[in-house]
Asks: 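Please read through the structure below; I'll follow up with questions.
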Amino acid sequence: MSETAAAMRAEFTKLRGVRGTFVALLLFAPASLLLSALGGWSARKAIESDNPLLRSDFTPEQTGMDGVLYGQLALIVFAVLLVSSEYSSGMMRVSLLAVPRRGQLYLAKAAVTAAAAVAVAIPVTVLGYLLTQFALGPHGAGIDTSGVPRALAGAVVYLTMMSLFAAGVASTARGAVVPLAVLLPMVLAGSQILSTIGATKEMVRYLPDRAGMRMLTVGSDDAPTGFAVLLAWTVVALAAGWLRHRRWDG
């Protein structure tokens, strides 16, 4: 077994062994699926009662993506805890004794973050969409509807890249408090609020979450641009995290 593979195996073991990190990863599925079902059910009630509060841009296809957008908060917490827990506990010294090459250790953490995100994102994204359409009943749309498969694939890529972005921010901060205090409010409501303000409306399109969401937009021609912007943020965050990790002295 190569040193990199051994390092990744050790990181997977840590993932399962640290309760908070593992629970955060597991919460992504029930949170996303529950919100997907509730979203479809509430939209169906609004349609059938001709509720004026139903979004003017409502489509069953796009509503099927909403669950994972809220569920991603659990993935962000997972990625932050996976990277930051060893800095705060002092266990990073032990990890560096086992894997002296800092770049190798950092790569292993990033690879495990991405692998875990992909492993849960693929089934949850698909099941979340199907649950939403089931809850919508006769108002739902098939998973093979034009634009939906691409948006589902975009959702998986988005969730993975946001997890890596969060991991990079956590490594840069060497802790969990600041990344969670910034990222969770930003994803939950911050960028949405800024998008309604004239002075920041254009700028907010280039924040990582808002840009990346274009990949989840069914029928959007702007998905490649959103991917490029989120990729740039992710690369910068991971690079900054690597530089801080390289200079970590305990």
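Predicted model, so just to flag it, every value in this text is computed and none were measured. Values below: every heavy atom of this structure, side chains too, minus hydrogens, waters and symmetry copies.
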Asks: Determine whether M65 and W41 fall in the same hydrophobic cluster, where Ile, Leu, Val, Met, Phe, Trp and Tyr are linked whenever their side-chain heavy atoms lie under 4.5 Å apart.
Replies: no
Asks: Identify the heavy atoms of W233 and P208 that sit nearest to each other, and give their distance.
Replies: CE2-CD, 3.5 Å
Asks: Has the side chain of R44 got a donor or acceptor atom that lies under 3.5 Å from a matching backbone atom of H139?
Replies: no
Asks: For V120 and L75, which heavy atoms make the closest approach, and how far apart are they?
Replies: CG2-CD2, 3.9 Å
Asks: What pairs meet the salt bridge (Lys or Arg N to Asp or Glu O under 4.0 Å) rule with one or both residues in residues 122-149, with sequence neighbours excluded?
Replies: none
Asks: According to a hydrophobic-cluster definition based on side-chain heavy atoms being under 4.5 Å apart (Ile, Leu, Val, Met, Phe, Trp, Tyr only), do L184 and L26 belong together?
Replies: yes
Asks: If you count heavy atoms of other groups shown closer than 6.0 angstrom to CZ of F134, is the number above 12?
Replies: no
Asks: Once you round to the nearest 0.5 Å, how far does CG of L69 lie from OH of Y158?
Replies: 6.0 Å
Asks: Testing the basics here: between M186 and D209, what is the closest heavy-atom pair and its distance to 0.1 Å?
Replies: O-OD2, 3.6 Å
Asks: Short question: side chain of S171, backbone of G168 - any donor-acceptor pair under 3.5 Å?
Replies: no
Asks: Are M215 and V235 connected, step by step, through hydrophobic side chains (Ile, Leu, Val, Met, Phe, Trp, Tyr) whose heavy atoms are closer than 4.5 Å?
Replies: yes
Asks: Do you reckon Y206 sits in the same ILVMFWY cluster as F227, going by side-chain contacts under 4.5 Å, direct or chained?
Replies: yes
Asks: To the closest 0.5 Å, what do you measure between OG (S42) and CG (L136)?
Replies: 8.5 Å
Asks: For the backbone of I122 and the side chain of T125, can you confirm whether one donor and one acceptor N or O come within less than 3.5 Å of each other?
Replies: no
Asks: For atom CH2 of W242, is the number of surrounding heavy atoms from other residues, nucleotides or ligands below 6.0 Å larger than 12?
Replies: yes
Asks: How long is the straight-line distance from CD of Q62 back to OG of S220, given to the nearest 0.5 Å?
Replies: 9.0 Å
Asks: What salt bridge (Lys or Arg N to Asp or Glu O under 4.0 Å) pairs are there with at least one residue in residues 118-131, not counting sequence neighbours?
Replies: none
Asks: Kindly write out the residues that satisfy salt bridge (Lys or Arg N to Asp or Glu O under 4.0 Å) with D221, not counting sequence neighbours, or none if the list is empty.
Replies: none
Asks: Taking all non-hydrogen atoms of both residues, which atom of V218 and which atom of S146 are closest, and how far apart?
Replies: CG1-O, 3.8 Å
Asks: Is there a donor-acceptor pair under 3.5 Å between the side chain of Y106 and the backbone N or O of L238?
Replies: yes
Asks: Tell me, with the steps shown, if L54 and I47 meet side chain to side chain contact (heavy atoms under 4.5 Å, CB included).
Replies: CA-CA 7 Å; L54 184 68; I47 293 170; 3.7 Å; yes
Asks: Taking the side chain from Q133 and the backbone from L130, do they hold a donor-acceptor pair closer than 3.5 Å?
Replies: no
Asks: Using modelled atom types and a 3.5 Å cut-off, is there a donor and acceptor pairing between side-chain atoms of R214 and backbone atoms of R205?
Replies: yes
Asks: Say you draw a straight line from CG of L35 to CG of L131; how long is it, rounded to the nearest 0.5 Å?
Replies: 11.0 Å
Asks: Testing the basics here: between S36 and G128, what is the closest heavy-atom pair and its distance to 0.1 Å?
Replies: CB-O, 3.3 Å
Asks: Quick check: closest heavy atoms across A141 and E61, and the distance to 0.1 Å?
Replies: CB-OE2, 3.6 Å
Asks: Might you work through the side chain to side chain contact (heavy atoms under 4.5 Å, CB included) test for V124 and L159, ending with a clear yes or no?
Replies: CA-CA 11 Å; V124 172; L159 292 167; over 6 Å; no
Asks: Would you check if F165 and L183 make a side-chain contact, meaning some heavy-atom pair closer than 4.5 Å?
Replies: yes
Asks: Stepwise, does the side chain to side chain contact (heavy atoms under 4.5 Å, CB included) test hold for F28 with V68?
Replies: CA-CA 8 Å; F28 170 67; V68 293; 4.2 Å; yes
Asks: Is there a chain of hydrophobic side chains (I, L, V, M, F, W, Y, each step under 4.5 Å between heavy atoms) that links L207 to V182?
Replies: no
Asks: Going from CD1 on I76 to CE on M162, what distance comes out if it is rounded to the nearest 0.5 angstrom?
Replies: 4.5 Å
Asks: Would V157 and L230 count as a side chain to side chain contact (heavy atoms under 4.5 Å, CB included) if you check the C-alpha gap in whole Å, the side-chain angles of each, and the deciding distance to 0.1 Å?
Replies: CA-CA 10 Å; V157 174; L230 179 54; over 6 Å; no
